[in-house]
Participant: 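Shown below is the structure under consideration.
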Amino acid sequence: MRVAASTHPLKSALLSLLDEPIAIKSFNQIHALLLTSGFYKDSLVLAKFADLLALSTHPSSAYKVLRQIHHHPIPFVFNSLISGYARIKAPRSAFLLFKHLVGNGAPLDKHTIPAVLKSCTKFSGTGEARQLHGVAIKMGFLCDLYVQNTLVHVYGTCGGHVDAGDLFEEMPVRDVVSWTALISAYVKGGFFIRALELFALMDVEPNMATLVCVLVACGRLGNVNTGKGIHGLILKHEGEFGVVVGNALLDMYVKCECLDEARRIFEELPERDIVSWTSIISGLVQCKQPKDAIEMFHEMRASGLEPDKVTLSSVLSACASLGLLDSGKWVHEYIERRGIEWDVHIGTAMVDMYAKCGFLEMAMHTFEKMPHRNVSSWNALLGGLAINGCGKEALQHFDRMVRNGVNPNEVTFIAILSACSHSGLVEEGRHHFKSMTEIYNLAPRVEHYGCMINLLCRAGLIAEAHELVRSMSMKADVLIWGAMLSACKAHGNVELSQQILGHLLELDPSDSGVYVLLSNIYATSDRWGDVTRVRKLMREKGMKKEPGASVIDVNGKAHEFVVGESNHPKSDEICLVLYSLAKQAQLDGLLSCGLIIQ
DNA sequence: TTAGGGTTAG
């Protein structure tokens with residue numbers, strides 16, 4: 001706080017005191033000092049006091065206190081009280097105070113509206129913003145550019161992009177903030193193309209805030225070309241950019257899956273904060289490089305930065321893809337130890353991690369403990385039940401989800417259909433596949449057909465599966481034809497296999513797996529000549545089957561197993577255990593089929 | 001210089 005040299009020493013002392021973070025503890029003394037010294041007549045001193053008042057007093061009482069101190073405080077004093085409530089994140093109080101002020105005919109000015117509006121961004125819906133809009137018109141404050149810009153911003157933040165656009169249209173003068181506020185409103189509403197169109201229409205020079213908004217739109221659209229153009233503009237203006245712009249650029253490249261560019265930006269950042277690290281970590285997770293993501297996380301911690309819940313959500317996703325149960329548990333403990341607040345994202349990531357690591361009990365326990373759940377949380381649970389072979393339970397929880405009023409989305413049906421597929425629930429699968437379009441108005445995507453065809457193929461219903469493939473409005477993918485081919489192999493349908501092979505090779509002529517499957521089908525039918533022919537063809541094409549591999553985490557150490565290799569130091573013991581497990585499974589299978597009577 | 005508007009990560 002800088003005070004002019006001519007300021008009265010007591011006044012400077014009072015102002016400094018009011019600026020102290022611990023001033024609230026001496027509130028009563030300051031109150032008394034204000035009255036005895038007579039400085040209550042000074043608007044600046046009174047405004048600072050009003051700001052302090054917001055920390056401890058309800059709006060109507062605060063109003064009374066101020067009125068008792070001074071019969072006619074100027075608007076500045078009340079504005080300071082409103083801003084005080086906004087600063088301590090008490091938007092309801094700020095809004096209540098405003099209504100109280102209007103009701104009591106207190107003097108207000110053009111600064112009052114932006115001060116209250118600042119709090120309105122915390123409300124859901126545009127109700128409060130519209131009320132303030134009305135008051136601003138009535139009081140004649142709407143002609144102020146600051147008031148207009150704040151309103152455009154608040155409408156945009158509360159989901160009122162149409163109101164924001166209408167107001168923007170009516171504005172006689174618009175500056176860079178007006179344009180940025182509207183572009184941001186469209187971005188927040190998910191209208192990314194409209195945001196880019198607006199940017200193109202701008203008749204004032206954009207600044208960094210504008211470009212950051214546009215970068216978000218580019219990232220969400222996966223429009224790397226426009227993103228690169230913005231990158232160029234930033235370099236032209238700034239040369240070296242700050243952390244906010246750098247992070248926005250980094251995230252744009254991450255969302256466009258240009259990891260090399262993203263890494264380059266990350267390396268070149270003059271300063272990296274938690275957002276920079278989280279962006280690159282989540283980018284690596286999205287681009288299926290979870291091992292690198294974990295490595296990056298360790299690097300981040302080594303640099304002295306502690307993760308927050310957003311970083312930890314990404315790390316949990318990496319743990320889920322790698323099956324790193326111990327690392328996932330470490331994240332869980334870290335959250336508890338640090339008292340990090342659980343939200344729907346981290347809760348969902350935790351359920352997903354436990355489920356994908358096979359600790360279904362803990363996944364369900366975590367799900368039940370979540371205070372708030374959204375459709376993604378349910379999807380994580382249903383998907384977890386599905387991959388762990390609990391098809392019937394998945395269907396029961398799906399019914400519970402619908403009963404709780406949560407609307408299923410496309411991802412839910414992937415979980416449900418794969419649950420049916422994993423557990424052989426043909427009739428249920430048919431029913432849910434039909435309900436997708438008939439009840440929930442969701443168009444099946446290629447993945448849904450994939451699950452359904454898998455389900456039918458596993459049940460040996462090859463003709464029905466083939467019929468479904470033919471009914472698809474889009475082209476079947478490798479997975480679908482692969483499922484059909486595997487089913488043909490299991491049921492010795494050589495003719496259809498050959499037909500499918502044609503489709504598969506059309507999709508990916510270099511897929512060695514297709515040739516391997518075909519040669520296996522010929523082998524099952526004792527057509528050894530054909531087997532030799534396919535293998536020769538593979539050799540001629542220089543194809544080598546990519547060996548399958550899996551990773552398991554034991555006590556924090558990753559153990560990798562590659563098909564055909566036995567490099568692991570405990571390979572012999574592992575094979576012995578696997579053999580006995582396979583024997584047991586076979587025996588259990590025979591028992592459950594009734595082929596062995598106990 | 002007695003206050004007010006727009007920007008980044010799941």
Side-chain angles (χ1 to χ4, degrees), chain A residues 1-4 7 15 42-48 50-51 74-84 86-87 109-118 121 136 141 144-154 156-157 164 168 171 174-185 187-188 204 206-217 219 234 241-252 254-255 262 265-266 269 272-283 285-286 307-318 343-349 352 374 376:
Chain A
M1 167 82 209
R2 278 183 7 208
V3 179
T7 308
L15 287 173
D42 185 287
S43 298
L44 179 59
V45 174
L46 196 55
K48 291 258 181 207
D51 189 276
I74 60 167
F76 172 42
V77 175
F78 292 123
N79 296 345
S80 186
L81 183 61
I82 293 173
S83 304
R87 213 187 40 252
D109 64 7
K110 59 177 184 174
H111 295 291
T112 315
I113 304 286
V116 196
L117 276 169
K118 218 173 169 185
T121 54
F141 299 142
D144 185 83
L145 186 62
Y146 271 75
V147 173
Q148 295 164 355
N149 285 350
T150 315
L151 258 173
V152 172
H153 163 64
V154 174
T157 312
F168 181 87
M171 286 168 66
R174 300 157 187 150
D175 66 358
V176 63
V177 177
S178 329
W179 284 93
T180 308
L182 189 63
I183 291 173
S184 163
V187 171
K188 281 179 190 138
V204 288
N207 62 15
M208 284 304 136
T210 325
L211 298 180
V212 167
C213 285
V214 176
L215 281 173
V216 177
I234 290 167
F241 36 77
V243 69
V244 173
V245 177
N247 287 347
L249 260 176
L250 171 61
D251 192 56
M252 183 275 294
V254 161
K255 294 232 163 63
I265 298 283
F266 181 78
L269 280 177
R272 291 171 199 149
D273 64 4
I274 190 71
V275 178
S276 333
W277 284 98
T278 306
S279 287
I280 196 79
I281 290 171
S282 76
V285 173
Q286 272 167 47
D308 66 5
K309 54 185 172 185
V310 186
T311 328
L312 294 171
S313 299
S314 285
V315 172
L316 282 173
S317 297
D343 65 9
V344 68
H345 298 292
I346 202 150
T348 302
D352 187 52
N374 62 15
S376 303

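Below, chain A is the first sequence line, B the second, and so on; all start at residue 1.
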Participant: If we only count heavy atoms from C-beta on, is the His153(A) to Val177(A) side-chain gap below 4.5 Å?
Facilitator: no

Participant: Whole-Å distance between dT7(B) P and Ile234(A) CD1?
Facilitator: 16 Å

Participant: Is there a donor-acceptor contact under 3.5 Å linking the side chains of Ser313(A) and Lys309(A)?
Facilitator: no

Participant: So His345(A), base contact, sugar-phosphate only, or nothing? Heavy-atom distance under 4.0 Å.
Facilitator: base

Participant: Select one nucleotide: of dG4(B), dT7(B), dG10(B), the one nearest the side-chain heavy atoms of Val212(A).
Facilitator: dT7(B)

Participant: Leu182(A) has an atom CG; how far is it from atom P of dT7(B), in whole Å?
Facilitator: 12 Å

Participant: As a test of reading the structure: which of dA9(B), dG4(B), dT8(B) is closest to the side chain of Pro114(A), going by heavy atoms?
Facilitator: dG4(B)

Participant: Under 4.0 Å, heavy atoms only, any strand: does Ser184(A) hit a base, just the sugar-phosphate, or nothing?
Facilitator: sugar-phosphate

Participant: Which is true for Lys309(A) with a 4.0 Å heavy-atom rule: it touches a base, it touches only sugar-phosphate, or it touches nothing?
Facilitator: base

Participant: Determine whether a donor-acceptor pair (N or O, by modelled atom type, separation under 3.5 Å) exists between the side chain of Asp352(A) and the backbone of Thr348(A).
Facilitator: no

Participant: Nearest whole angstrom, please: distance from the P of dT1(B) to the NZ of Lys48(A).
Facilitator: 14 Å

Participant: I want to verify a distance call: between dA9(B), dT7(B), dT8(B), whose nearest atom is closest to the His153(A) side chain?
Facilitator: dT7(B)

Participant: Would you mind telling me which of dT8(B), dA3(B), dA9(B) lies closest to the side-chain atoms of Ser279(A)?
Facilitator: dA9(B)

Participant: State which of dG4(B), dA9(B), dT7(B) makes the closest approach to the side chain of Val147(A).
Facilitator: dG4(B)

Participant: In whole angstroms, how far is the P atom of dA9(B) from the NZ atom of Lys255(A)?
Facilitator: 6 Å

Participant: Please give, in whole Å, the distance from dA9(B) C1' to Asp343(A) CG?
Facilitator: 13 Å

Participant: Examine dG4(B): is either OP1 or OP2 under 4.0 Å from a nitrogen or oxygen in the side chain of Thr150(A)? Give yes or no.
Facilitator: no

Participant: Within the 4.0 Å heavy-atom criterion, would you say Val152(A) contacts the bases, only the backbone, or no part of the nucleic acid?
Facilitator: nothing

Participant: Select one nucleotide: of dT8(B), dG10(B), dT7(B), the one nearest the side-chain heavy atoms of Val310(A).
Facilitator: dG10(B)

Participant: If I take atom CG in residue Leu269(A) and atom P in nucleotide dA9(B), what distance separates them, rounded to the nearest angstrom?
Facilitator: 14 Å

Participant: Locate the shortest heavy-atom distance separating Ser178(A) from Met171(A); write the atom from each residue and the value.
Facilitator: OG-CE, 3.5 Å

Participant: Per the atom types in the model, does the base of dG4(B) pair as donor or acceptor with the side chain of Asn79(A) at under 3.5 Å?
Facilitator: no

Participant: When you measure from the side chain of Asp251(A), which nucleotide among dT7(B), dG4(B), dG10(B) comes out closest?
Facilitator: dG10(B)

Participant: Please find the pair of heavy atoms, one from Ser317(A) and one from Val285(A), that lie closest to each other, and give the distance.
Facilitator: CB-CG1, 3.6 Å

Participant: State whether Lys188(A) places a side-chain N or O below 4.0 Å from either non-bridging phosphate oxygen (OP1 or OP2) of dT8(B).
Facilitator: no

Participant: Regarding Asp109(A), tell me which of base, sugar-phosphate or nothing describes its non-hydrogen contacts under 4.0 Å with the strands shown.
Facilitator: base

Participant: dA3(B) C1' sits how many Å from Phe76(A) CZ, rounded?
Facilitator: 6 Å

Participant: Give a yes or no answer on whether the side chain of Arg272(A) reaches the backbone of Phe266(A) with a donor-acceptor pair at less than 3.5 Å.
Facilitator: yes

Participant: Whole-Å distance between dT2(B) P and Asp51(A) CG?
Facilitator: 16 Å

